[in-house]
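Reviewing the structure listed below.
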Amino acid sequence: ILSKIGKNARFRFAGIIVQNLFFLITALLISRILGAGSLGDFMLAIAVFQILGYASTLGMKYGTLRYVAYYNGQSDAHRVKGTIFSSMVVSLSMGVILGGLLYIFAPWMTDRIFHVPALSGSFRILALTLPVLALSMVIIASLQGLKAIKQKVWLENYIQPLGMYA
C-alpha cells in the first residue's frame with residue numbers, strides 16, 4: 001500500500017508542477033505581449049471566475065468527496081451514483097444561474113466595481129464557461145472519492161490548464 005501511495009504522490013506532485021508551469025507561461029506571455037496592466041486584468045477576471053466557481057458548487061465539491069468515499073468504502077454503488085448525480089445537477093444548475101447573472105451584470109460589475117469597463121467581454125466569456133467549471137469541480141471530487149487519483153490528477157492538473165488555451 002505504501003508503494004501505491006508513493007506512486008500517487010509522485011504523480012500528483014508532477015501534476016501540480018505542470019499546472020503551475022502552465023499558469024506561469026500564461027502570465028509571462030500576457031505580460032510580455034500585452035503588458036503588465038493586461039496581466040492584472042487577466043488575474044482579476046480569473047479571481048472572479050474562481051470565486052463564482054466555488055460558490056456555484058454550494059459546497060458539493062467537499063460533500064461529494066466525503067460521501068462518495070464513504071459509500072464507496074461500504075460498496076454501496078447505488079448511493080455513490082446518487083451522490084455524484086445529485087451533486088452534479090445542483091452544481092451545474094448553480095453554475096448556469098451564476099454564469100447567467102455574471103453575463104447579465106458583467107458591464108455593470110466591470111464599470112462600477114472594478115472600474116475597468118474593457119473587461120466586460122472577458123467576464124461574459126468566462127460566464128459562459130462557469131457551469132463547466134462547477135461541473136468539473138464535482139467530477140474531480142468524485143474521482144478522488146473513488147480513489148481514482150491518476151484520473152483526478154489528469155483532469156485537474158493537465159486537462160483543465162490546457163482548457164485555458166482553447
Side-chain angles (χ1 to χ4, degrees), residues 1-28 30 42-106 109 122-166:
I1 194 164
L2 286 177
S3 66
K4 185 175 181 180
I5 291 172
K7 282 182 188 177
N8 286 338
R10 284 193 303 270
F11 191 68
R12 172 80 170 124
F13 182 71
I16 291 169
I17 289 175
V18 169
Q19 181 181 18
N20 286 325
L21 282 174
F22 281 139
F23 191 74
L24 177 65
I25 290 167
T26 302
L28 286 172
I30 290 172
F42 172 76
M43 294 297 178
L44 177 65
I46 293 298
V48 169
F49 180 63
Q50 288 179 336
I51 289 168
L52 289 176
Y54 279 103
S56 65
T57 65
L58 295 175
M60 292 290 169
K61 174 182 176 179
Y62 303 106
T64 302
L65 173 59
R66 185 207 186 296
Y67 286 104
V68 165
Y70 177 74
Y71 294 136
N72 191 41
Q74 292 185 336
S75 300
D76 191 345
H78 180 70
R79 286 191 175 168
V80 168
K81 289 178 188 175
T83 300
I84 294 170
F85 179 76
S86 61
S87 60
M88 286 174 67
V89 168
V90 170
S91 296
L92 185 62
S93 300
M94 281 307 297
V96 168
I97 291 168
L98 289 178
L101 289 172
L102 179 60
Y103 190 87
I104 292 167
F105 291 107
M109 281 179 65
S122 299
F123 273 42
R124 284 187 160 171
I125 290 169
L126 290 174
L128 296 174
T129 62
L130 194 61
V132 176
L133 176 65
L135 196 59
S136 70
M137 287 176 154
V138 171
I139 291 170
I140 289 168
S142 301
L143 290 171
Q144 187 174 355
L146 292 169
K147 297 180 183 176
I149 302 302
K150 285 191 177 180
Q151 292 84 351
K152 174 204 180 282
V153 170
W154 271 106
L155 185 58
E156 185 176 39
N157 300 116
Y158 295 99
I159 296 171
Q160 268 187 342
L162 282 175
M164 235 174 35
Y165 295 106

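Since this is a predicted model, take the numbers as computed values, not measurements. The figures that follow rest on heavy atoms only: side chains count, while hydrogens, waters and symmetry mates do not.
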State which residues pass side chain to side chain donor-acceptor pair (under 3.5 Å) with S56; sequence neighbours excluded, sorted by chain then number. none
What distance do L146 atom CG and I84 atom CD1 have between them, rounded to the nearest 0.5 Å? 5.0 Å
Using side chain to side chain donor-acceptor pair (under 3.5 Å) as the criterion, list what pairs up with N72, not counting sequence neighbours. none
Side chain to side chain contact (heavy atoms under 4.5 Å, CB included) between N157 and V18: does it pass, once the steps are laid out? CA-CA 7 Å; N157 300 116; V18 169; 5.8 Å; no
What is the distance from atom CG of L98 to atom CG of L58, rounded to the nearest 0.5 Å? 7.5 Å
In chain order, what residues pass the side chain to side chain contact (heavy atoms under 4.5 Å, CB included) check against S91, with sequence neighbours excluded? T57, M60, A134, V138
Which residues share a side chain to side chain donor-acceptor pair (under 3.5 Å) with Q144, sequence neighbours left out: none
When you compare the side chain of M109 with that of L102, does any pair of heavy atoms fall below 4.5 Å? yes
For T129, the side chain to side chain contact (heavy atoms under 4.5 Å, CB included) test, sequence neighbours excluded, returns F49, L126
Which pairs pass ring pair (Phe, Tyr, Trp, His ring centres under 6.0 Å) with one or both residues in residues 123-152, sequence neighbours excluded? F114-F123
Please list, chain by chain and in numerical order, all residues satisfying side chain to side chain donor-acceptor pair (under 3.5 Å) with S136, sequence neighbours excluded. Q160
By side chain to side chain contact (heavy atoms under 4.5 Å, CB included), which residues pair with L92, not counting sequence neighbours? P131, L135
ring-ring contact (aromatic ring centres under 6.0 Å, His included) partners of Y158, counting only residues at least two apart: W154
What's the shortest heavy-atom distance between M43 and A27, and which atoms? CE-CB, 4.1 Å
Quick check: closest heavy atoms across R124 and Y103, and the distance to 0.1 Å? NE-O, 2.9 Å
Looking only at non-hydrogen atoms, find the nearest pair between S142 and T64 and report the distance. OG-CG2, 3.2 Å
Walk me through it: do H78 and Y71 pass the test side chain to side chain contact (heavy atoms under 4.5 Å, CB included)? CA-CA 9 Å; H78 180 70; Y71 294 136; over 6 Å; no
Evaluate T26 against F42 for side chain to side chain contact (heavy atoms under 4.5 Å, CB included), listing each step before the verdict. CA-CA 10 Å; T26 302; F42 172 76; 3.9 Å; yes
Tell me, which pairs form a salt bridge (Lys or Arg N to Asp or Glu O under 4.0 Å) where one or both residues lie in residues 151-160, sequence neighbours left out? R12-E156, K152-E156
Check side chain to side chain contact (heavy atoms under 4.5 Å, CB included) between Q50 and all other residues, then give those that pass, not counting sequence neighbours. I46
Does anything in residues 78-98 pair up under salt bridge (Lys or Arg N to Asp or Glu O under 4.0 Å), and if so which pairs, sequence neighbours excluded? D76-R79
